[in-house]
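Notes for the one structure printed next.
Per chain, numbering begins at 1; letters A, B, ... match sequence-line order.
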Amino acid sequence: MAAVNLNSVSFSYAVTPGAFALDDVNLSVDPGEVVVLCGSSGCGKTTITRVVNGLVPHFYSGSLAGEISVCGLDPVKDALEKTAAVVGSVFQNPKAQFFTTDVLSELVFACENLGMPEELIVSRLEGVILALGLEGLRERGIFALSGGEKQALACGSVYMPDPQVVVLDEPSSNLDVKATKDLGELIRSWKAQGKSVVIAEHNLEYLVDIADRFCYLRGGRIECEFTPAQLCGLSFEELQDLGLRTPTPWSLLLPEALPTGDDGVSFSNVTCVYPQVGKILNVDHIAFAKGAITGLVGENGSGKTTLARFLAGLEPKAKGLVTFGGRKLSARARRSQVYLVTQNVSHQLFTESVEEEVLLSMKKEDRDRARAILASLDLAELAKSHPMALSGGEKQRVAIAAALASERPIVVLDEPTSGLDLRHMHQVADALRSLSRTGVTVIVITHDQELVATCCTAIHRIQDGQVVSGE
Amino acid sequence: MRLANALAYGGRPHLQIDPRTKLVILLCVNAICLGAGFSGGDIWVRGAISIIPLLLLVIERRFVLALICGGATTLALVMEMFWLGQMDGFVELTLAGCANLAARFVPGMLTGIYLLSTTTLGEFMAALAKVRLPRAVALPTAVVLRFIPTLALEAAAIQESMRMRGVFWGGGKPGAFFTYRVVPLMICAVNMGDELTAAALTRALGNPGQRISLTRIRLRLPDWILIACCLGILGIWLVL
Amino acid sequence: MPRAWVDEVREGLKGVALAPEKSHRVGRRQVALVTRYRYGVESKKLQTKDLIATGIFTAIYFVTMAVCGQLGALIPILQVLGPLYIPIICGIPFILFLTRVRVFGQIAIMGIVTGLLLILTGQHWAGLVLAVVLAPLGDWIAARGGYKSWWGIVAGYAVFSELLIGMVVPLFFTRQTVLERIGTRHDQAWVQQVADLTPPWMFLVMILMIVVGSAIGAYVGRVLLKKHFERAGIA
């Protein structure tokens with residue numbers, strides 16, 4: 001008896017009534033089976049997870065056809081709360097998943113809502129904390145957790161009511177390598193407990209050993225299915241055609257280091273101390289070549305973002321020496337010479353159209369140049385769209401366009417490709433290459449091995465605030 | 001973690017008081033400071049009730065805040081007692097009026113700060129539930145208190161991005177100073193709100209039927225003492 | 001299946017059309033969508049997602065109001081104009097909220113929660129009393145126009161914003177106090193002069209300022225809605 005059964009399911013969102021998000025989908029997941037939904041952006045994998053946990057049609061309204069059964073319940077006819085008793089959901093954005101403000105309350109939140117008896121909740125709590133390694137985080141507030149800890153907490157709060165089905169929507173998007181591995185181990189333990197797991201993902205690497213099958217979706221239909229062996233057997237060109245990220249990134253060639261002359265950015269003796277956390281940064285020397293794309297890799301919390309913000313002159317607690325082209329740059333000078341594209345690009349988009357956004361960066365408005373920049377980044381059709389209405393990949397390119405327009409010699413990007421599929425990642429890589437061709441020093445903070453392999457010319461590794469090896 | 005200390009690393013408060021007591025204190029301070037007049041013993045009543053939040057803040061080791069606000073309130077009250085009668089010019093009059101306003105608002109704000117910085121969201125919601133606040137009001141209140149720190153973080157990030165891009169003061173366009181701040185904040189807030197709603201719904205929020213709550217609140221001796229003091233002062237004021 | 005669940009779902013379904021939808025074309029394929037479930041869109045009851053949405057927009061409204069109020073604290077002149085400019089800027093979140101208002105009661109709850117929060121931050125409890133009275137009234141006025149008629153919205157918002165008067169109530173007591181005090185030491189003519197400076201009809205002026213501010217604020221909100229929020233896809 002399948003735990004999850006979708007039978008000829010079609011769905012179109014109310015906001016886009018003509019387009020089918022799901023087109024005659026048949027999917028069946030047994031207990032103890034892990035199914036991974038993959039495909040490029042907009043293919044329908046997120047919609048399937050929403051159908052399983054009942055958000056479609058209760059929260060995302062639209063027109064639905066077909067039969068769905070999840071552990072004997074019908075998520076469409078039954079209330080969302082009933083479905084929530086058997087289906088746990090983990091979402092992509094760690095910041096917006098939590099209803100309470102501290103760890104313990106969040107863990108018991110779902111159980112409290114479902115009316116589980118108190119003794120049962122307390123008895124499960126210890127086991128879940130142990131299983132997820134949350135022991136050290138008991139008394140913490142949620143705002144103080146790192147991305148990986150937040151996602152672990154989300155998984156914990158989903159695990160507490162012991163659901164029979166777990167759906168995850170791109171859970172590893174904002175996680176570093178170690179946290180992703182932990183997530184994989186957790187999914188493995190769920191599988192061993194007989195739960196059905198449905199995961200919509202771009203990053204397939206950590207699931208290759210765990211998943212039972214990979215369903216490839218395109219345009220709302222399941223086109224084909226792969227076993228893990230078949231997936232790893234796909235050639236590079238076939239993966240590119242399908243638009244899938246490689247499941248074997250360790251086979252990628254990472255770049256060598258370039259000798260850095262004096263004309264690049266160079267840091268010396270950078271330290272940053274936060275009162276309750278301690279020393280975040282302790283870098284003796286690190287240099288980035290001009291006109292090159294240098295990757296900055298390391299675990300979450302290792303200080304990369306702090307270093308980037310220090311470079312942009314936005315980190316008052318950090319001290320150190322920064323020279324560019326041989327000249328020392330003060331914090332104020334850095335603010336006008338460094339363009340920082342933050343992880344959440346929405347914080348940087350202020351105007352009402354993409355063209356305006358590019359013009360905003362210019363000291364003197366030049367519409368022709370703006371149009372040329374947009375054309376070079378393949379954004380010409382979107383010139384009149386509102387920046388906030390664009391997809392993640394398009395927003396990243398708009399931010400890069402604005403960086404190009406500002407003519408600043410140093411551009412730093414923080415996780416530009418988290419959550420992007422293959423095609424958009426390549427578009428961002430192309431945009432970065434056109435940036436570096438104009439002589440800009442590009443620094444990219446990323447976990448994305450494929451991005452590093454595609455466009456970086458050198459990488460620096462940072463761990464615990466120190467440079468590990470400039471390889 | 002405490003409601004208003006979302007961004008700091010708050011520990012347990014030194015004195016554990018039931019949130020309902022804090023609400024009682026707040027209402028009393030509110031009623032007296034903002035409503036009491038001047039005649040006879042009123043000013044002493046106002047002084048007495050203003051001491052309570054100061055005391056609580058001192059217990060929580062927030063000395064600087066207590067000192068500054070306590071000093072301001074005492075100054076204002078003293079000014080009122082002795083100086084106000086001597087008024088002649090309009091300028092002094094306005095000053096006295098300001099002093100009066102300060103003496104009225106500051107204790108209330110202090111109590112508010114104390115409440116928000118020493119209560120967890122769970123305790124606060126448990127207190128509201130005990131007071132039988134209907135779910136239709138309690139749930140949005142919980143959402144508000146949970147969402148405000150997030151809004152603050154988003155606003156700070158947007159301000160920083162504005163500095164980075166060099167448009168902190170609006171960049172010359174009319175109204176840009178406001179719209180560049182307000183519009184991205186609204187859009188980010190609404191998107192985050194949608195994600196939050198989806199997550200909360202999948203955690204069965206809104207389940208009809210009995211909702212268990214693991215947070216326990218109880219009235220203990222310090223609570224009764226504080227409630228007695230407040231109601232006592234209130235009673236004295238009403239009678240006199 | 002516990003009874004409560006079933007009854008609640010049935011309740012929510014009242015008024016939902018469950019008739020089969022006519023088939024419609026998508027490109028070249030014709031697909032018949034058999035039943036069109038529109039849960040949560042048609043039901044007239046307050047649901048959890050409405051309450052959460054109310055909470056979120058109340059948070060935005062309250063923060064906007066608080067920041068505007070703080071501006072007034074820094075620049076004392078602005079405090080006098082507060083009843084005028086605060087509804088203007090707070091019109092932006094309010095109009096945005098209206099696009100999410102589904103049933104009656106959401107605006108009322110927004111007002112009541114705002115009143116509660118005002119008390120929590122140390123303002124006078126008159127704010128809550130006014131909110132409990134005015135917010136449902138404003139909601140009702142806006143609901144009469146189906147939350148779409150422009151004058152219904154403006155009138156509803158104006159009535160709703162009057163709860164800001166609650167913040168001004170202590171000023172009234174201040175005036176009383178000052179008058180009392182000088183009354184004991186000086187002669188009546190002087191007291192009369194001071195009383196004339198701050199006439200009781202100031203109150204009415206403030207009420208009017210709020211009405212004017214609300215009208216402008218609703219307009220500003222609509223402009224931003226058309227220019228930004230609808231195009232960004234959140235309205």
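By the 4.5 Å heavy-atom criterion applied to side chains, B:Arg135 and C:Leu51 are counted as neighbours. With contacts defined as side-chain heavy-atom distances shorter than 4.5 Å, the pair C:Thr54/B:Val143 does not qualify. Looking only at side-chain heavy atoms (C-beta outward), C:Phe97 and B:Val190 stay at 4.5 Å or farther from each other. Within the 4.5 Å cutoff, the side chain of B:Asp194 has no heavy atoms near those of the C:Lys49 side chain. Taking 4.5 Å as the limit, some side-chain heavy atom of C:Leu117 sits within range of a side-chain heavy atom of B:Leu145.
Of the atoms belonging to C:Leu116, it is side-chain heavy atoms, and not backbone ones, that fall under 4.5 Å from chain B. Residue B:Ala200 touches chain C through its side chain alone, counting heavy-atom pairs closer than 4.5 Å. Heavy-atom distances place both the backbone and the side chain of B:Leu205 under 4.5 Å from chain C. With a 4.5 Å cut-off on non-hydrogen atoms, B:Val182 touches chain C through its side chain but not through its backbone. Only the side chain of B:Thr179 comes within less than 4.5 Å of a heavy atom in chain C; its backbone stays farther off. For a residue to count as touching a neighbouring chain, one of its non-hydrogen atoms must lie under 4.5 Å from one of that chain's; by this rule B:Ile187 touches chain C with backbone and side chain alike. If you measure heavy-atom distances from B:Leu128 to chain C, you find no contacts under 4.5 Å at all. Heavy-atom distances place no part of B:Thr111 under 4.5 Å from chain C, backbone and side chain included. Interface residue B:Leu23: only side-chain heavy atoms are found under 4.5 Å from chain C. Both the backbone and the side chain of C:Ile119 come within contact range of chain B, judged by heavy atoms closer than 4.5 Å.
Taking each heavy atom of B:Met109 and C:Thr121 in turn, the nearest pair found is CG-O, 3.7 Å. Contact record, B:Phe105 with C:Met167: CZ-O, 4.1 Å, taken as the closest heavy-atom pair. The heavy-atom pair separating B:Phe147 from C:Ile56 by the smallest distance is CE2-CG2, 3.6 Å.
The neighbour count for C:Tyr219 OH, taken as heavy atoms of other residues, nucleotides or ligands under 6.0 Å away, does not exceed 12.
Put simply, of B:Pro107, B:Gly193, B:Gly108, B:Pro140, the one with the most heavy-atom pairs under 4.5 Å next to chain C is B:Pro140.
Contacts between residues 57-67 of chain C and chain B, defined by a heavy-atom separation under 4.5 Å, are made by C:Phe57, C:Thr58, C:Ala59, C:Ile60, C:Phe62, C:Val63, C:Thr64.
With rounding to the nearest 0.5 Å, the separation of CZ in B:Phe178 from CG in C:Leu224 is 12.0 Å.
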